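Everything on this sheet refers to the single structure shown next.
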Amino acid sequence: MIPAIDILEERISDVMADISGEPDSPAIVRLSKDPKFGDYQVNGVMALAKKTKAKPRELAEKIVEKIDISDICEAPEIAGPGFINLRLKPDYLAKTLLEINADKTNHLGINKTNKPKTIVVDFSGPNIAKQMHVGHLRSTIIGDCICRMLEFLGHDVKRQNHIGDWGTSLGKVILGLWHLRMASKHGEPPYYKTELSELQAYAGDKDRLKELCQRIRDRHEKDWQDDFVAAKGDAYKFFGPFLETLVHAPPLDLWEEITTLYQYVNLIETSVAGMGLTVSTRKKGDNAFQYFQIEYEFLSRHITTMLQDIDNPDNKQEKDAWNLIKKISLEHCNEIYKMLDIFFDGDKEIRGESFYRDMLPEVVAQLKKKGLAEESDGAICAHPDGFKNKEGERLPLIIQKTDGAYLYATTDLAAIRYRVGKLKADTIVYVTDARQALHFEMVFAVAKMAGWSKDADLKHVTFGSVLGEDGKPFKTRSGENIKLKELLEEAVGKARKVVNEKNPELSDDKKEEIANAVGIGAVKYADYSNNRTSDYIFSFEKMLAMDGNTAPYMQYAYARIKSIERKAQSKDVDIKTELAGINELNLTDPTELDLAKHLCRYGEAIEGAAADYKPNFLTSYLYELAQKFSAFYTNCPVLKADKAQRPTRLLLCDLTAKTIGHGLHELLGINVVEQM
RNA sequence: GCGCCCGUAGCUCAGUUGGAUAGAGCAACGGAUUUCUAAUCCGUAGGCCGCAGGUUCGAGUCCUGCCGGGCGUACCA
């Protein structure tokens, strides 16, 4: 089944081209704004009239005479300055609904594309050094929805979770683990906890801060010396063995502890900046175990360069630590993905930065060879055309740091080569927040100049920030990121409370199922229903409201239909048989016609949402559907209807439930429930 | 400084290559319930689409300037 709007667009455009001799004469068929203008309006006549210097109304008459759309619409009407208004025939609606009913493939009569493409969707991308927080929510769920829509339309979608497992933050966590081991030598409470609060407290007091940093540095140096055996390594006595135990049996609360340790390392490095404190560390290189003093604030970055030289046996401690962090972090991510009903297929789809590690030297070498990258202030930079800084000089894209480490620009470039070359991508969609727009523009430009993107379409799908009730970035009172897990648990908890109030007689299992569907659904739906590109204010109260464009309202509409179906059984109405034998409809009530028309437009809605990667087009459609259903439900009895009307109404119910269920569950990844 | 995004009803937001009288929801007010789940429906009220110019038969939408807000702008992602 082809959506009516597409058929009309094609037929009318053809006639317009024919009459005017202009091959590019789009009809621009759109939904009418006002029911008195019919169901669809043709907007393209005036533009064509201008182009060909014709009178718009006369042109419209000529077009109306020639178009043959009588199988779909009533006689077209010309109105205003040159609009053509179209009204769908009830026969067409009936035929379409019966066609949808006859489709047993869960595709609701919607065709797959005749031009399937290979589309890589890069989304979620959490950093494995940190817990998933509210900042990861949008990329994760919007990306998932885009994948679901494109898959439904018949494209070959390749999900890619470009997790951050190769950058600077890993160095910080590895250093954090080192502190974890050292702290156990110094007794309770662990020094990193007390010092973390001290560092925060002294932030404004230069002298005390300096004294504190000196103390921290001195202990650090002593611990390092104690751990070190010149010929064997700098983590020989304690840290190395500690890691080996951890890899085999990580304690349950380790992940929580890592968050604190990360903060601790981060804060030390910002605090000691410019103080001139140095500590001992191992040199990078092929000769075993040489040592030097490094500025304290650069230590974690130095550790990152060791990690990025992972196959060097000297760097076993970094490798072990990295494997450990990766393992427990992925367990944490998968727990969140499970809550959100999002699935990644192992190494095939969870392909982090480290996946490209062997390709990074080649990326840099190739760009140098092509004359696209050069050294500048010690770093290797590419300078894509068309980007200027404040002095009007060329803006650099750093692909290798002074210390030799690679960055996200490098892995992004390697990923483009892989996705175009190996995955055969026609399109690569990047779902990340709008702040990274410049980064991706530059990466895309470099990839193009290097010839790596070939004919692939590189698309940055941006989104706005999640804000708190105060309109500022959504954080805890102490300014920390809000953990996604806690946020989702809170949503489920609030939903649970409502279910308990509204429907106390349900079984505990049912209540839990509903609380999960409603709570998680509310968070996801609220995100989807806002314009992707703008910021939005996170409010449990609004997203869990039972009125308005919310998940609970949608789920309730669905549950009501299911309730009719249950009721039917007790009244000896056999819905299956009645729907199976249906071959003509009786659409008479205005709410029936309105609902019927909307049901026929589902395909249009999905196409529109997928074309612009905008889930809110889909939620708008679904919300209108639920509203139209509710109006129908109030006006038209279903089970008590007479024999002539009941099958039609049962069909409207069935198709509405299928459409809402499909939209929510298959495309938005939100669960529906039979009872609420 | 430069670049990108945003400014629409009291609040939160839609608004489809420029189309007819700018739409929802919340809140407010008025009505509907011996129900197929009222977690609902129907109605009323509410607007200089930031301001000022321009292009156009037609501008919330495109262009220019200004005001206000957010973000980015070399070794984080």
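To find a chain, count down the sequence lines: A is the first, B the second, and so on, and within it residues start at 1. What you are looking at is a predicted structure, and each value in this text was computed from that prediction instead of being measured.
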> salt bridge (Lys or Arg N to Asp or Glu O under 4.0 Å): which pairs involve residues 530-549 of chain A, sequence neighbours left out?
Replying inline: none

> Under a cut-off of 3.5 Å for both distances of each Watson-Crick or G-U pair, what dot-bracket string does RNA chain B give, using [ ] for crossing pairs and | for inter-strand pairs?
Replying inline: (((((((..((((.....[...)))).(((((.......))))).....(((((..]....))))))))))))....

> Taking only residues two or more places apart in sequence or in another chain, which ones pass side chain to side chain contact (heavy atoms under 4.5 Å, CB included) with A:Met442?
Replying inline: A:Pro384, A:Phe387, A:Leu395, A:Leu397, A:Leu438

> Judged by atom type as modelled, is there a donor-acceptor pair below 3.5 Å linking the side chain of A:Gln555 to the main-chain atoms of A:Ala517?
Replying inline: yes

> Going by the angle between their ring planes, with limits at 30° and 60°, are A:Tyr430 and A:Phe440 parallel, tilted or perpendicular?
Replying inline: tilted

>> If the condition is ring pair (Phe, Tyr, Trp, His ring centres under 6.0 Å), which residues does A:Tyr264 pass it with, not counting sequence neighbours?
In response: A:His179

>> Between the side chains of A:Arg301 and A:Asp403, is the shortest nitrogen-to-carboxylate-oxygen separation below 4.0 Å, so that they form an ion pair?
In response: no

> Should the ring pair A:His133 and A:His136 be called parallel, tilted or perpendicular, given that the plane angle runs from 0 to 90° and is split at 30 and 60?
Replying inline: tilted

> How is A:Lys571 classified with respect to the nucleic acid when contacts are heavy atoms under 4.0 Å: base, sugar-phosphate, or nothing?
Replying inline: nothing

>> With the six-membered base ring of B:A20 as reference, does the ring of A:Phe37 sit under 5.5 Å away with planes under 30° apart?
In response: yes

> Starting at the 5' end of RNA chain B, which residue's closest nucleotide do you reach first, A:Ser465 or A:Ala79?
Replying inline: A:Ala79

> Does A:Tyr553 make a side-chain N or O approach to OP1 or OP2 of B:C41 shorter than 4.0 Å?
Replying inline: yes

Distances under 3.5 Å between protein N/O atoms and the N/O atoms of nucleotides 8-15 of chain B, please, pair by pair.
| residue | atom | partner | partner atom | Å |
| --- | --- | --- | --- | --- |
| B:A14 | OP1 | A:Asn531 | N | 2.8 |
| B:A14 | OP1 | A:Ser534 | OG | 2.8 |
| B:G15 | OP2 | A:Asn531 | ND2 | 3.3 |

> Below 4.0 angstrom from OP1 or OP2 of B:C5, is there any side-chain N or O of A:Arg435?
Replying inline: no

>> Which residues pass the ring pair (Phe, Tyr, Trp, His ring centres under 6.0 Å) test with A:His383, not counting sequence neighbours?
In response: none

